[in-house]
Amino acid sequence: MKRKINHCVYNINYHIVFCPKYRHKVIKDDVAEAIKDVVQEICATYGYDLIQMEAMPDHLHIFLSAPPTVAPTEIVKRLKSITANRIFAAFPALKKRYFWGSGFWSRGYYIGTAGNVSAETIRKYIEAQKSHAKEVKKAESVKTQYRS
């Protein structure tokens, strides 16, 4: 689905995956529901369109769309920091039992982009545009010859 801001139409979708520190299987039951609620709230607050989300016990999948004015690293940073703060506030026993005072999420993450077309389709389109431009230039050249 295409979205609009100011003078820009965009379709930028990100698949983001990150894990709790030490890959602890803590994203279940009430914790999973709380994380989902917080992610939905973050998306609404920052203008991201949450397409789909799935919480697994040891990792979280988020599929969202964000405007091109927001860097993907900024999206991940917001998601991880806000969810961690809220989860530790709601479930303080998690911090004591599993994370020993450190952060909730591991440092790494996966992020990939997705749209309505494949990379191959885009390559073919660009190549077709290049050959179309050559044809137009050739046609203009022929018109110029006949005018002279």
Testing [options] one by one against [X] for a side-chain contact (heavy atoms from CB on, under 4.5 Å), which residue passes?
X     : options                     : value
Leu60 : Ile35, Ile16, Val17         : Ile35
Ile62 : Leu50, Ile42, Val76, Ile111 : Leu50
Ile27 : Pro57, Cys19, Pro20         : Pro20

So which heavy atom on Gly47 is nearest to which on Pro67, and how close?
O-CD, 3.9 Å
Residues Val26, Leu94; criterion side chain to side chain contact (heavy atoms under 4.5 Å, CB included); working and verdict
CA-CA 8 Å; Val26 295; Leu94 278 178; 4.0 Å; yes
Side chain to side chain donor-acceptor pair (under 3.5 Å), that's the test. Do Thr83 and Trp105 meet it? Break it down for me.
CA-CA 9 Å; Thr83 54; Trp105 301 108; 2.8 Å; yes
According to side-chain contact (heavy atoms from CB on, under 4.5 Å), who are the partners of Ala44, at least two apart in sequence or on a separate chain?
none
Derivation and outcome, ring-ring contact (aromatic ring centres under 6.0 Å, His included), residues Phe99 and Phe104:
CA-CA 7 Å; Phe99 302 102; Phe104 184 82; 5.1 Å; yes
Nearest 0.5 angstrom please: [X] [atom1] to [Y] [atom2], how far?
X     : Y     : atom1 : atom2 : answer
Thr69 : Ile5  : OG1   : CD1   : 4.5 Å
Glu41 : Ile82 : CD    : CD1   : 8.0 Å
His61 : Met53 : NE2   : CE    : 12.5 Å
Leu79 : Tyr14 : CG    : OH    : 12.0 Å
Phe63 : His15 : CZ    : NE2   : 8.0 Å

Checking side chain to side chain contact (heavy atoms under 4.5 Å, CB included) for the pair Tyr48/Val39: CA distance, chi angles, key distance, verdict?
CA-CA 10 Å; Tyr48 311 148; Val39 169; over 6 Å; no
Is the His24 ring parallel, tilted or perpendicular to the Tyr22 ring (thresholds 30°, 60°)?
perpendicular
Within the 6.0 Å centroid threshold, strictly below: Tyr110 and Phe18:
no
For the pair Glu74 and Lys77, evaluate salt bridge (Lys or Arg N to Asp or Glu O under 4.0 Å) and give the outcome as yes or no after the intermediate values.
CA-CA 5 Å; Glu74 188 64 30; Lys77 187 169 95 176; 3.7 Å; yes
Between [X] and [Y] (side chain of the first, backbone of the second, donor and acceptor by atom type, cut-off under 3.5 Å), is there such a pair?
X     : Y      : answer
Asp49 : Ser65  : no
Lys28 : Ala55  : no
Lys80 : Ser106 : yes

In terms of hydrophobic clustering (I, L, V, M, F, W, Y; side-chain heavy atoms under 4.5 Å; direct or indirect links), are Ile12 and Val70 co-clustered?
yes
Tell me whether Lys95 forms a cation-pi arrangement with Phe88, defined as NZ or CZ under 6.0 Å from the six-membered ring centre and within 45 degrees of its axis.
yes
Should the heavy atoms of other residues, nucleotides or ligands under 6.0 Å from CZ of Arg23 be counted, would the total exceed 12?
yes
Apply side chain to side chain contact (heavy atoms under 4.5 Å, CB included) to residues Tyr46 and Ile75 and explain how you reach the verdict.
CA-CA 9 Å; Tyr46 289 97; Ile75 296 167; over 6 Å; no
